[in-house]
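Starting from 1, each residue takes its place in the sequence as its number.
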Amino acid sequence: LSDDAAVVLLGGGQRCVLTSDMLTDEVDFRLEVCDPRRVGRKALAVNLSDLAAMAARPVAVVVSLALPRRGGQRLARQLYEGLIPLAEEFDIAVAGGDTNSWDHPLVISVTALGEVAGPEPLRRSGARPGDAVLVTGAFGGSSLGKHLDFQPRVREALLLNANYQLHAAIDVSDGLSLDLWRMVEESRCGAELDLSAIPIDPSARQLAASLDDGVSALDHALSDGEDFELILAVPAGEAERLLEDQPLSTPVTQIGRCTSERGLWRQLEGGAREALAPRGYEHGLDG
Ligand SMILES: [Mg+2]
């Protein structure tokens, strides 16, 4: 898939945006150590993050559950106790879904429908050489908690899209450097990063200090994933205005700029640059 969500033509020139995510116990989280309410909330929040990347307004979701037979009813109740408040916060209809039980771990799948705010949905493919690369929030160390409790950047995306000219966007699910690389690849350009400008989450520093595995806080910020922040490509003049305004409750930071040369680069002193390998979580399939 080339965007965070699919754009569906409805006739009469109308369009909607559709996205779906499936989370599995023992793969994406472990119910053994994790409150099911946080899992229910996350299952919705990851979809909202994808809608945010398209600057789409969430309208409705359907929720499908495959519940383990043992304790399934209680588990379903707890999942909804986590999911419903987030749906209410964004005024989203939980429009149905399906519930089954089986002799295996929990699977929860949420499909979300969004409406396109503005004339065009925001895509990954619109970045141009010379655009500023901006990010919301900070990166790295999400495994310490943010991967479950993050705030999807829906309001932020709608506000930015309504008030500034944005060329492209993606949400960071798999790693800042990997998702940035995906965005510029779709745009058939590249990006060079000022590594000293990357906002590092305190959790990334905590993780780097506690693990003693040679992975720096910056490495965590570049590759951990599940930050669910936005990366934006913004024309230089607009970026200047946006950075000056700081219109969000979370900081917006410029971390680099788009280049005509493909790939990812890090800026060196004196205007030189060297290649930077995109790293993050790849959803691998064998065979
Ligand atoms: Mg995404």
Side-chain angles (χ1 to χ4, degrees), residues 1 3-6 17-54 56 58-90 92-114 141-154 170-176 178-179 182 203 223-230 280-286:
L1 275 182
D3 274 301
D4 289 285
V17 174
L18 205 52
T19 185
S20 187
D21 264 289
M22 188 167 72
L23 300 179
T24 304
D25 185 18
E26 295 167 24
V27 179
D28 299 294
F29 54 87
R30 291 199 302 132
L31 275 182
E32 212 178 273
V33 295
C34 175
D35 186 332
R37 294 170 192 87
R38 296 171 85 192
V39 172
R41 184 187 181 280
K42 178 177 182 174
L44 173 57
V46 292
N47 282 277
L48 299 189
S49 184
D50 279 329
L51 292 184
M54 308 284 289
V59 174
V61 295
V62 291
V63 181
S64 296
L65 302 175
L67 296 163
R69 272 182 233 288
R70 210 175 147 180
Q73 235 172 15
R74 177 159 179 266
L75 177 57
R77 198 177 62 242
Q78 292 173 324
L79 291 166
Y80 276 102
E81 281 171 8
L83 187 148
I84 295 290
L86 186 65
E88 285 176 347
E89 183 185 336
F90 287 97
I92 302 165
V94 179
D98 196 13
T99 301
N100 288 321
S101 55
W102 66 341
D103 296 314
H104 298 285
L106 168 73
V107 178
I108 176 168
S109 169
V110 175
T111 299
L113 177 76
S142 70
S143 61
L144 295 186
K146 189 183 179 187
H147 75 111
L148 287 166
D149 301 322
F150 67 94
Q151 190 64 10
R153 298 300 187 191
V154 172
I170 188 170
D171 71 317
V172 177
S173 51
D174 297 336
L176 174 58
L178 181 58
D179 286 319
R182 287 172 176 154
S203 296
S223 65
D224 276 358
E226 298 216 294
D227 302 290
F228 297 105
E229 297 290 350
L230 296 173
Y281 179 75
E282 310 255 15
H283 301 257
L285 287 176
D286 294 330

Test item: [X] and [Y] side chains (from C-beta on) under 4.5 Å apart, heavy atoms:
X      : Y      : value
Arg38  : Arg41  : no
His147 : Lys42  : yes
Val39  : Cys34  : yes
Asp21  : Val110 : no
Val46  : Phe228 : yes

Mind listing the closest non-hydrogen atom pair of [X] and [Y] along with its distance?
X      : Y      : value
Phe150 : Asp227 : CB-O, 4.4 Å
Asp171 : Ala53  : N-CB, 3.6 Å
Ser173 : Asp179 : N-OD2, 2.9 Å
Val17  : Ala5   : CG1-CB, 3.2 Å
Arg30  : Asp25  : CA-OD1, 3.5 Å
Pro68  : Pro105 : CD-C, 4.4 Å

- Query: Does the distance from a Lys or Arg side-chain N to an Asp or Glu carboxylate O, for Arg153 and Glu229, drop under 4.0 Å?
  - Reply: yes

- Between Arg182 and Asp174, is there a salt bridge with N-O shorter than 4.0 Å? yes

- Note on the structure: Per side chain to side chain contact (heavy atoms under 4.5 Å, CB included), Ile92 is matched among Leu51, Val154, Leu48 by Leu48

- Task: Could you point out which residue of Leu44, Val63, Ile84, Leu106 forms a side chain to side chain contact (heavy atoms under 4.5 Å, CB included) with Leu79?
- Result: Leu106

Drop me the distance from [X]'s [atom1] to [Y]'s [atom2], to the nearest 0.5 angstrom.
X     : Y      : atom1 : atom2 : answer
Leu67 : Trp102 : CG    : CH2   : 10.5 Å
Asn47 : Leu113 : CG    : CG    : 11.0 Å
Leu23 : Ile108 : CG    : CD1   : 7.0 Å

- Message: Taking CD in Gln73 as the centre, count heavy atoms belonging to other residues, nucleotides or ligands within less than 6.0 Å. Is the count above 12?
- Response: no

- Task: Please say whether more than 12 non-hydrogen atoms of neighbouring residues, nucleotides or ligands are located less than 6.0 Å from CZ in Arg69.
- Result: yes

- Task: Verify, without hydrogens or angle tests, whether Asp224 (side chain) and Gly141 (backbone) share a donor-acceptor contact under 3.5 angstrom.
- Result: yes

- Query: Is a side-chain donor or acceptor of Ser142 paired with a backbone partner of Gly225 at a separation under 3.5 angstrom?
  - Reply: yes

